[in-house]
Every structure is written in C-alpha cells, then in structure tokens.
There are 2 protein chains.
Amino acid sequence: MPKQVDHDSRRQHIAQAVCELIGRHGLEGVTLREVAAQAGVSMGAVQRCFRAKEEMLVFAQEHVNRRVTERARARIAESPRPGSVTTMLEQTLVAMLAVDDEDLLDARVWMAFTAQAALDPALAAVQRAHYAGLTELLAVLLRTGQENGQIRPEVDAESEADALITLADGLTVQVLLGRHSRESALAALHQRTTALRT
Amino acid sequence: MPKQVDHDSRRQHIAQAVCELIGRHGLEGVTLREVAAQAGVSMGAVQRCFRAKEEMLVFAQEHVNRRVTERARARIAESPRPGSVTTMLEQTLVAMLAVDDEDLLDARVWMAFTAQAALDPALAAVQRAHYAGLTELLAVLLRTGQENGQIRPEVDAESEADALITLADGLTVQVLLGRHSRESALAALHQRTTALRT
DNA sequence: AGTGTTCCGATACAAGCGCATCGGAACGAA
DNA sequence: TTCGTTCCGATGCGCTTGTATCGGAACACT
C-alpha cells in the first residue's frame with residue numbers, strides 16, 4: 001500500500017486558510033498560490049485536495065457554515081441561564097452574528113459568500129440549506145418555549161424564526177459597514193428576543 | 001478649441017454598464033474590456049473617463065446609491081395615499097429593497113459593493129454616507145408623523161430609522177438568497193411600518 | 001531490502017488582466 | 001481651409017491567474 005494522508009483533515013485545514021484569506025482580502029484575494037502559502041503547503045497539495053478552485057470555495061463555504069452552527073449549539077449548551085428559552089434564542093442569534101472580534105472574520109466570509117450566492121444558484125442552494133437548519137433550530141426553541149409558557153402563544157414559530165434570522169443578517173451587514181457597534185447589535189437582539197416573552 | 005465630449009454623462013453611461021455587469025457576474029466580471037463592450041465604447045474611452053479601475057468602481061457605487069435615493073424620493077412623491085406618513089415610510093423602504101424585477105439587478109449590485117465595503121474602509125465610508133442620507137429621510141418622516149399624530153410618540157425617530165434600515169437590508173439578503181419572495185418581503189415591511197401607527 | 005503505489009513540489013503554459021503608449025481621427029477657432 | 005487641441009481605437013507589455021504535467025520523494029507491504 002502506498003503513502004496515505006488524511007484527506008479530510010487536510011481539506012479542513014485548507015478551508016480554514018481560504019476563510020482567513022477571504023476575511024482579509026475578499027474572494028478576489030483567494031488564489032491557489034496564496035491559499036497554499038496561508039495553509040503552509042505547496043500548490044500541488046492544494047490541487048490534489050480539490051480538483052478545481054470552485055470545489056475548494058464551496059467546501060470552504062460549507063466549512064464556515066458548519067462552524068456557525070457549531071457555535072450556536074455551543075452557546076446554547078453553555079447558556080448563562082439554562083432553561084430560559086429566550087436566552088437560548090438570543091445566544092443562537094449571537095452565534096449567527098459572528099461579530100465577536102475573533103469571529104468578525106467569519107462575518108466577512110459570510111458576507112462574501114452571500115454576495116456570490118446572489119449570483120450563483122448553486123452557492124445559493126448551499127446557503128439555503130444552512131439557513132434551513134438554523135430556522136429549524138430557532139423554531140424548535142420557539143415551540144418549546146410556547147409549551148413551557150415562556151413564549152407568547154400567538155407567535156408563529158416558523159415565521160418568527162425567519163424574522164429573527166432576517167434581523168441577524170441585517171445587523172451583521174450594519175456592523176460590518178461600521179454603522180452599528182457590536183454592542184448595539186447585541187442590544188437589538190436582546191430587545192427583540194425578550195419581546196417574545198410572555 | 002478642440003473636440004469636446006460630455007464627460008459626466010459618459011461616466012454615468014459607463015457606470016450603468018458596470019452595474020449591469022456586476023448584477024450579472026459580480027465584481028469579478030468587471031473588466032475594462034467587458035465594461036467597454038457593455039457600454040458600446042472602446043477601452044480607450046473608458047480609460048479616458050476613469051484614471052483607474054477603482055475610481056470607476058467607486059463612481060459606479062455612488063451611481064447606484066444615487067439611483068436608490070432617487071427611487072425613494074420618487075416613490076414618496078407618487079405615494080398612493082398622500083399625507084399618510086406610514087405609507088411614505090413603507091415606500092421609502094420598498095425603494096431600498098430594490099427587488100422590483102427590473103431593479104433586482106441593483107440589489108445584487110448593492111450586495112456586491114457592501115461585501116467589498118466590509119473589507120475596504122474607503123468603500124465603507126461611501127456606503128455609510130449613503131445610509132446617513134436615508135436614515136435622515138426616514139427620521140424626518142417619523143418626526144413629521146409624530147407631529148401629525150400619525151406615529152406613536154414613544155418611538156425614537158433616529159433609532160427607529162436605523163432599525164427599519166436594518167430590516168430592509170436583512171430582507172434584501174433573504175430575497176437574493178431565494179429564502180423570501182418579493183411579496184413576503186413587502187409584507188414584512190408593511191407589517192413593520194403599520195405597527196408604528198398610533 | 002525491494003517494490004508498487006500514492007503523493008507532492010516545481011515548473012510550464014495559455015489566457016486574461018490593468019495599464020501605458022501613440023498615431024491619427026474629430027472638431028472648434030482662426 | 002488651416003491649425004491646434006482633444007479624444008480614442010488599437011496594440012503592446014508585464015504580470016498574475018488556474019490548470020496540466022511530471023520526476024522523484026515518501027511510505028506500506030512482501
């Protein structure tokens with residue numbers, strides 16, 4: 001048997017390098033040579049992992065989406081007030097904002113991919129799948145809260161989940177443009193989620 | 001005196017070509033050659049109008065921003081129910097959405113420039129200036145409505161204007177990704193603005 | 001140790017890019 | 001008409017891009 005490498009972990013590593021490049025210089029800054037340098041590997045290694053540049057970009061998109069979802073679940077798990085559904089909702093949305101200094105890069109990556117997805121139906125489908133998962137997560141939280149009597153019963157879980165996601169996206173844009181501070185965005189989320197309480 | 005051309009109108013014309021290219025193929029699709037072809041002029045003419053590509057892009061950004069503002073003012077002027085401040089508010093936000101079929105291109109252009117502005121402080125400043133004008137427009141409408149007794153007095157005009165803009169941006173993103181239809185976005189705007197009524 | 005397979009680093013290459021250059025067309029003033 | 005200036009279309013240049021190619025290194029197995 002020949003030499004073997006862990007392809008999947010290498011793809012993750014390269015995807016991370018791609019995200020850092022996008023976050024700093026946008027999609028235009030993603031060249032195979034730069035990616036290789038950022039990842040600390042040679043161009044040949046990158047080419048072996050991904051048949052073409054676009055395949056690499058799609059993988060990177062899914063990579064950052066996965067991380068957002070993970071962050072959301074982590075924030076729910078370590079929620080400051082366990083049992084409070086509105087807190088869990090808020091933490092999920094905070095994870096989506098991804099404006100926590102170190103994660104601010106991810107927000108720019110999200111922005112770049114979303115802009116591209118507005119032009120490329122294939123990328124749009126990837127983003128929609130990601131959003132579908134988040135919507136479901138929020139909807140479950142909302143329904144749970146309604147069963148517990150923590151969320152006002154007249155709220156429609158699905159449409160409210162959509163509205164919350166729309167708010168998070170809008171806030172992300174505003175923060176990235178420097179029109180909102182991180183704090184004011186968080187405050188807006190807090191206000192919106194507490195307004196759902198009974 | 002030598003041959004003279006109307007530089008300003010030519011710049012507008014080229015900017016329009018740039019917008020159409022961005023709307024169809026993104027910022028990556030904007031090359032001097034493609035711009036010249038789309039505008040129906042030669043590359044030399046483009047180079048004469050703009051010293052460099054970036055200058056052209058900034059001008060195009062301001063071009064599309066101007067058009068959004070104009071559309072907003074036009075929609076206010078031909079408001080279906082003159083005198084109704086909430087209707088004017090709604091029409092302004094509808095203009096910002098720019099998802100009216102023919103304007104859907106502009107929404108994609110907005111998205112592309114905004115993503116770029118998240119990386120380039122100079123572009124971010126241009127966008128912030130644009131938003132400042134829109135915020136002021138909305139705030140004036142809100143204050144007028146409060147003086148007329150059409151808008152609930154406890155609303156803070158500035159922060160409410162910001163919130164409305166955030167909503168519009170979020171909805172634009174959702175529509176471009178195909179997660180919201182044009183109609184549901186308009187409905188969301190309508191609901192939000194009517195909620196401000198006394 | 002030998003061998004067969006997998007991997008990868010370096011290089012080559014065509015295409016496309018932004019920009020600079022320049023000779024001549026276009027046009028107003030004399 | 002002639003002149004002087006402005007404009008522009010075509011072309012060239014240096015550079016970067018994504019991808020293809022390939023000789024040899026790296027490693028598991030016999």
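The sequence lines fix the lettering, A, B, ..., with proteins before strands; numbering per chain opens at 1.
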**Message:** Can you measure B/Glu28 atom CD to D/dT16 atom P for me and round it to whole angstrom units?
**Reply:** 18 Å

**Message:** If I take atom CD in residue A/Gln47 and atom P in nucleotide C/dA12, what distance separates them, rounded to the nearest angstrom?
**Reply:** 15 Å

**Request:** Nearest whole angstrom, please: distance from the P of D/dA20 to the CG of A/Leu32.
**Result:** 11 Å

**Message:** If you go through the side-chain atoms of B/Arg33, does one of them form a donor-acceptor pair with the base of C/dG18 closer than 3.5 Å?
**Reply:** yes

**Request:** Select from B/Thr31 and A/Cys49 the residue whose nearest nucleotide in DNA chain C is closer to the 5' end of that strand.
**Result:** A/Cys49

**Item:** Whole angstrom value for the distance that separates P of C/dC19 from CD of B/Glu54
**Value:** 9 Å

**Item:** A/Arg24 side chain vs A/Leu105 backbone, donor-acceptor pair below 3.5 Å
**Value:** no

**Prompt:** Tell me: CZ of A/Arg48 to P of C/dC8, nearest whole Å?
**Reply:** 7 Å

**Message:** Rounded to whole Å, please give me the gap between NZ in A/Lys53 and C1' in D/dT16.
**Reply:** 11 Å

**Prompt:** Could B/Arg179 and A/Asp162 be called an ion pair, given the rule that one side-chain N must be under 4.0 Å from one carboxylate O?
**Reply:** yes

**Message:** Pick the closest DNA chain D nucleotide for B/Arg10 and for A/Glu34 by heavy atoms, then say which residue is nearer the 5' end.
**Reply:** B/Arg10

**Message:** With a 4.0 Å cut-off on N to O distance, would you call B/Arg143 and B/Glu160 a salt bridge?
**Reply:** no

**Request:** To the nearest Å, give me how far apart CE (B/Met43) and C1' (D/dC8) are.
**Result:** 12 Å

**Message:** Would B/Arg66 and B/Phe59 count as a cation-pi pair here, with the cationic atom under 6.0 angstrom from the ring centre and within 45° of the axis?
**Reply:** yes

**Message:** If you assign each of B/Val41 and A/Arg51 to its closest nucleotide in DNA chain D, which residue comes earlier from the 5' end?
**Reply:** B/Val41

**Prompt:** With a 4.0 Å cut-off on heavy atoms, is B/Val30 in touch with a base, just the backbone sugar-phosphate, or nothing at all?
**Reply:** sugar-phosphate

